[in-house]
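Note sheet for the following structure.
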2 protein chains.
Amino acid sequence: MNRRKRVTTQCFECKNASCFVKQCSPEYIGLISAKKNQIKINKGQYIFREDSPVFGIYFIQQGRVKVVSSNIDGKEQIVRLAGDGHILGHRGYGGETHPVGAVAQNDVWVCFLDNALLYDAFKANFEFLYAIMMFYSKELRKSEQRSKYFAQMTVEERVIFALLYISESFGLEGMEGSPLITLSRQEIADIAATNADQVSRVLTSLKNREQVSMEGKNIILADLEGLKKSIARYTTSYS
Amino acid sequence: MNRRKRVTTQCFECKNASCFVKQCSPEYIGLISAKKNQIKINKGQYIFREDSPVFGIYFIQQGRVKVVSSNIDGKEQIVRLAGDGHILGHRGYGGETHPVGAVAQNDVWVCFLDNALLYDAFKANFEFLYAIMMFYSKELRKSEQRSKYFAQMTVEERVIFALLYISESFGLEGMEGSPLITLSRQEIADIAATNADQVSRVLTSLKNREQVSMEGKNIILADLEGLKKSIARYTTSYS
DNA sequence: ATGGCTGTCTGCGAAAACGCAGATAAATGA
DNA sequence: TCATTTATCTGCGTTTTCGCAGACAGCCAT
């Protein structure tokens, strides 16, 4: 279903410094370059779907991605936002199927490494495997921290958290350089674990307090510090 | 503060088959045996505290442990229950401090491997590092699955989930072989992300439906299948 | 411009969950 | 054993959150 296009960027000439593949030895970087599958996914398309079999892991070369997981009623929940240098599909690695799906938020270029290639690379490159393990460790910390926060926060606090998380993940700028959020009310709700109605209510309230302003239907975080302060009792990082 | 006692069980004579250390080469198992720190922690004592520095990882040889994380109001949340062969402190590995604390639920024996020993063992034993990475991957899946479920479930469903989780983690048996739960209302609440009052209410309701019965203040899951059925629309595993 | 489509906002009633406080039961120590 | 402490249960009023429905605004194609 995805419209996929083969392109050719060798890893050693890739400008993405944070890519995990860079942890491998030069010879292996060459091998991975040759064997990897570089794919372009158009905006709105799935990179992989929930419950699809796990063939390998994706490394984001460029683009913005949302990782989603749908619940019983078919409603979506956004588990994570990912950008350049991040990896995708690692949740499923070692399992049968992907517990989540990944959707391109704009045009995205990813490098796909299949299970066999990955296994060989892990075996031959301690630094690579170790870096990926550390990444998992960090992801686990963040995941549990987040579920701890969400269990305590009110809807308003969760929405503010979501806004800050989005701005930190995607880092867009609106007029006057303030952080800009282009996701829909529903998508914000999917992050904040609530519904679009509540997001609207919170936004109205934040508008009245002049902590956010609108640019069309996009949101500008006018008073970033004020927003951060209102959830500072929980945390200082939003990722 | 902990009352700790040195004992001496060599890894190769340890009956715990699922210990990750078994993934290492025979020579390394010997080395770890010699360098590890085997400790007994008495019931109720901390194995490590939240926010304490990370010196290494603990491997549970025998015993039951609850992993807790306290929130703003000082209330505790139980993140995980762990038993024989499980590891502790891995959440903090790679970070500065432990994001969680670990408390012995009964007398516990653990083997402590410090950071330097671990790093050497990882570097020299691909299978060991790979197994730990897979463990992280699985933990991440479970953590996110759980927070997804908890966002959707009602209080009653979360309490039932907690009961099933406890019985699966600690596997105790009461009279007639039915699963037995010895945790307090407050501890159950700490798992189900609610408070002790609500747990009481749910238990009363479950008693009326004859799905659970009491043995003193302990809980017997009289109708295990019925309980499972009532949350089957979410999941079939509770770990 | 016009009509239709989609996304957003907001008022209202209903449901869920909470917190408190008093009653009751169980466990502990002298 | 009895008294004291701790844990559990339950009723009630309050707060939070939700879901629905109608109003409104912006965007697109004709």
Side-chain angles (χ1 to χ4, degrees), chain A residues 43-44 71-78 105 149-163 166 180-209 211-220 230-231, chain B residues 43-44 71-78 105 149-163 166 174 180-209 211-220 230-231 234:
Chain A
K43 178 175 176 171
N71 65 22
I72 305 168
D73 328 317
K75 285 181 194 164
E76 267 189 357
Q77 198 170 342
I78 297 181
Q105 290 290 95
Y149 293 153
F150 272 36
Q152 305 176 62
M153 287 177 166
T154 63
V155 167
E156 172 163 314
E157 290 169 330
R158 293 206 300 274
V159 170
I160 294 174
F161 183 94
L163 295 175
I166 296 165
L180 176 75
I181 287 172
T182 58
L183 303 197
S184 71
R185 302 292 177 273
Q186 185 58 54
E187 284 175 313
I188 297 170
D190 292 343
I191 297 175
T194 181
N195 57 46
D197 290 350
Q198 303 285 20
V199 174
S200 265
R201 284 182 241 270
V202 172
L203 285 175
T204 305
S205 148
L206 293 178
K207 258 183 284 180
N208 293 339
R209 281 188 254 154
Q211 297 194 296
V212 308
S213 60
M214 307 302 290
E215 191 180 291
K217 65 171 65 172
N218 294 336
I219 303 161
I220 292 184
S230 55
I231 59 168
Chain B
K43 178 176 176 171
N71 65 21
I72 305 169
D73 329 316
K75 285 180 196 165
E76 267 189 356
Q77 199 170 344
I78 297 181
Q105 291 290 93
Y149 293 153
F150 272 36
Q152 305 175 62
M153 287 177 166
T154 64
V155 167
E156 172 163 313
E157 289 168 330
R158 292 206 301 275
V159 171
I160 294 174
F161 184 93
L163 295 176
I166 296 165
L180 176 75
I181 286 171
T182 59
L183 302 198
S184 71
R185 303 292 177 273
Q186 184 58 54
E187 286 176 311
I188 297 169
D190 293 342
I191 296 174
T194 181
N195 56 46
D197 291 351
Q198 303 287 12
V199 173
S200 262
R201 284 183 240 272
V202 172
L203 285 176
T204 305
S205 147
L206 293 179
K207 258 182 285 181
N208 292 340
R209 280 188 256 155
Q211 296 194 296
V212 308
S213 60
M214 308 301 289
E215 190 179 291
K217 66 168 65 170
N218 294 335
I219 303 160
I220 292 185
S230 55
I231 59 168
Y234 297 100

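- For D/dC9, one of the phosphate oxygens OP1 or OP2 lies less than 4.0 angstrom from a side-chain nitrogen or oxygen of B/Arg185.
- Minimum atom distance to the side chain of B/Gln198 is reached by C/dC18, of the listed D/dT17, C/dC18, C/dT8.
- For the salt bridge (Lys or Arg N to Asp or Glu O under 4.0 Å) condition, the pairs that include at least one residue of residues 149-162 of chain A, sequence neighbours left out, are A/Glu156-A/Arg209, A/Glu157-A/Arg233.
- In this structure, B/Lys217 does not reach the D/dT6 phosphate: none of its side-chain N or O atoms is under 4.0 Å from OP1 or OP2.
- The number of heavy-atom neighbours closer than 6.0 Å to NZ of B/Lys207, taken from other residues, nucleotides and ligands shown, is above 12.
- Contact annotation: B/Thr194 does not reach the phosphate of C/dA17 (side-chain N/O to OP1 or OP2, under 4.0 Å).
- Out of D/dT17, D/dC20, C/dG19, the shortest distance to the side chain of A/Arg201 is found at D/dC20.
- Counting any heavy atom pair closer than 4.0 Å across all strands shown, B/Thr204 reaches sugar-phosphate atoms only and no base atom.
- Taking only side-chain atoms of A/Asp197, from C-beta outward, the nucleotide of C/dT8, D/dC20, C/dC20 with the closest atom is D/dC20.
- In this model, the phosphate group of C/dG7 is not approached by any side-chain N or O of A/Gln186 to a distance below 4.0 Å at OP1 or OP2.
- Two residues are said to be in side-chain contact when any heavy atoms from C-beta on lie closer than 4.5 Å; B/Ile188 and B/Ile219 meet this criterion.
- Centroid-to-centroid, the aromatic rings of A/Phe150 and A/Phe161 come within less than 6.0 Å.
- Taking only side-chain nitrogens and oxygens, A/Thr154 never comes nearer than 4.0 Å to OP1 or OP2 of D/dT16.
- Residue contacts shown for A/Asn195 are limited to sugar-phosphate atoms, with no base heavy atom under 4.0 Å away.
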